[in-house]
Amino acid sequence: MAKVTKLIKVSRGCLGDEESAEVAEAFAYGYFGHAAKVEEFERRLADYLGAKHVVATNTGTSALHLALDALGIGEGDDVIVPSLTFVASFQAIRATGATPIPCDVYPDTLLMDLDDAEARITPRTRVLMPVHYVGAPCNLQGLGALAARYGLKLVEDAAHAFGSSYQGRRIGSFGDATCFSFDSIKNITCGEGGAVACGDAALAELMRRKRVLGIDRRPPASPSERPSGMTFEVATTGFRYHMSNINAAIGLAQLRKANAFIARRREICRQYDRAFLGVTGLVPLQVNYDETAPHIYVIRVKDGRRDALMQYLREEGIETGINYVPNHLHPLFRHAGRPLPETERAFGEILTLPLHVGLTPSDVEEIIDRVVAFMRQG
Ligand SMILES: Cc1ncc(COP(=O)(O)O)c(C=O)c1O
């Protein structure tokens with residue numbers, strides 16, 4: 001019987017007075033659409049990531065859709081993407097009219113398997129979309145070489161990987177387009193938000209136009225500068241994907257805390273790894289936390305015990321998750337292609353344990369104690 005008094009959440013954002021102060025400034029400014037704080041957030045993100053261009057959006061899903069659309073992806077095209085990702089990656093591809101082609105993952109990292117991805121390339125393939133699952137960087141050197149060999153675009157789903165690096169450079173400074181999410185539980189949050197980082201000025205400009213219905217105009221320096229009855233011209237398909245000044249205000253305050261947040265997240269993951277490494281039936285993912293800014297902590301639970309552990313933790317007041325139901329198992333994305341054995345095996349074993357900066361040291365100890373106690377029961 002459930003005896004829960006306190007629930008330790010699996011994920012949550014951490015907002016404070018700094019975010020309130022930034023939002024108060026946005027209120028005082030009086031215009032809540034695309035305005036000065038969005039532009040400042042984009043500049044600061046570009047500096048942080050080492051990216052040439054950053055285009056902020058209202059969600060990570062819209063960032064993915066916007067990038068694919070601006071790269072000219074549409075009907076008749078295939079995009080190869082790991083099945084083990086949030087459904088947002090698949091829906092963003094489908095929104096362009098293209099077909100998501102699910103591929104398998106390596107068992108030890110659950111990152112895109114490059115050999116499997118290559119085996120799925122056909123003349124219809126236009127894009128490789130790796131997912132930096134849990135925040136761990138994919139093999140971008142190998143992916144870049146594969147994309148170049150077949151003339152494909154590389155669009156990274158970096159929703160989990162804000163702050164992660166690969167070979168000493170931040171994720172966001174590689175690839176044709178790298179898409180981030182700043183939804184409420186990500187490494188940093190805007191409340192809701194996203195961004196595309198890219199190196200190509202023309203692509204960035206096209207995305208800026210497309211995110212506001214194809215309208216080409218700069219934001220006003222202040223509300224009083226808005227010319228009344230302004231006319232404009234539209235020459236491209238566009239969407240309503242811009243980030244609001246209020247969400248950017250939250251993001252600016254969060255960005256100042258990003259390194260502290262990431263340090264605490266890494267510390268918790270390393271503590272989990274140390275505690276679970278010798279425990280029979282538990283297999284942590286192979287993650288290098290020197291380069292990973294972890295968004296979630298995923299462990300594999302062997303011998304068919306995952307669901308029982310999940311239930312036990314729930315009764316002990318510890319929320320967990322399963323990231324994710326593989327997309328090729330959803331009715332919408334069922335496919336008759338090559339099987340995905342590693343993904344399906346992982347689906348039966350993965351468990352996401354709590355990871356956020358609101359966890360206290362005693363929360364982390366309690367989670368470890370409960371998990372280890374359950375596994376040792378045999
Ligand atoms: C892997 C992945 N891709 C894309 C997204 C979409 O981001 P958003 O929720 O900001 O639309 C998420 C968000 O959870 C995600 O985890």
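First listed ligand is number 1; within each ligand, the first listed atom is number 1.
Remark: Asp104 pairs with Asp116, Leu340, Pro341, Glu342, Thr343 by the side-chain contact (heavy atoms from CB on, under 4.5 Å) rule, at least two apart or across chains. Every residue two or more places apart in sequence or in another chain that forms a ring-ring contact (aromatic ring centres under 6.0 Å, His included) with Phe41 is listed here: Phe182.
For Cys179, the heavy-atom gap to ligand 1 stays at 4.0 angstrom or more. Distances from ligand 1 to the non-hydrogen atoms of Ser89 include at least one value under 4.0 Å.
Among all non-hydrogen protein atoms, the one lying nearest atom 3 (N) of ligand 1 is Asp157 OD2, 2.7 Å. The closest protein non-hydrogen atom to atom 5 (C) of ligand 1 is Ala88 CB, 3.7 Å. Here the heavy atom of the protein found nearest to atom 9 (O) of ligand 1 is Asp183 OD2, 2.9 Å. In terms of protein heavy-atom proximity, atom 15 (C) of ligand 1 is nearest to Ala159 CB, 3.4 Å. For atom 13 (C) of ligand 1, the closest non-hydrogen atom of the protein is Lys186 NZ, 2.9 Å. When hydrogens are left out, the protein atom nearest atom 11 (O) of ligand 1 is Thr61 OG1, 2.6 Å; that is the closest non-hydrogen contact.
Of the heavy atoms in His160, only side-chain atoms (C-beta onward) come closer than 4.0 Å to ligand 1. Of the heavy atoms in Thr85, only side-chain atoms (C-beta onward) come closer than 4.0 Å to ligand 1. Heavy atoms from both the backbone and the side chain of Thr59 come within less than 4.0 Å of ligand 1. At a heavy-atom cutoff of 4.0 Å, ligand 1 is contacted by no atom of Phe90, backbone or side chain.
Taking any N or O of Glu192, backbone or side chain, none lies under 3.5 Å from an N or O belonging to ligand 1.
Both cation-pi conditions hold for Arg170 and Tyr48: the charged atom is under 6.0 angstrom from the six-membered ring centre and inside a 45 degree cone around its axis.
Comparing Pro82, Cys190, Gly60 by heavy-atom distance to atom 10 (O) of ligand 1, the nearest is Gly60.
Under 3.5 Å, the side chains of Asp69 and Thr96 contain no donor-acceptor pair of N or O atoms. Checking Gln286 against Tyr106 by side-chain atom types alone, no donor-acceptor pair falls below 3.5 Å. Side-chain contact annotation: Thr352 with Asn323, donor-acceptor N/O pair under 3.5 Å present.
Aromatic pair His295/Tyr133: ring centres not closer than 6.0 Å. Aromatic rings of Tyr324 and Phe347 (six-membered ring for Trp) have centroids beyond the 6.0 Å cut-off, not under it.
Each of Leu277, Ile299, Val364 was scored for a side-chain contact (heavy atoms from CB on, under 4.5 Å) with Tyr272, with one residue passing: Val364.
For ligand 1, the atoms closer than 4.0 angstrom to any heavy atom of Gly193 are 10 (O). Contact atoms of ligand 1 toward Tyr324: 16 (O) (distance under 4.0 Å to a heavy atom of the residue).
A donor-acceptor pair is defined here as one N or O able to donate and one able to accept, closer than 3.5 Å; such a pair exists between the side chain of Arg265 and the backbone of Pro294.
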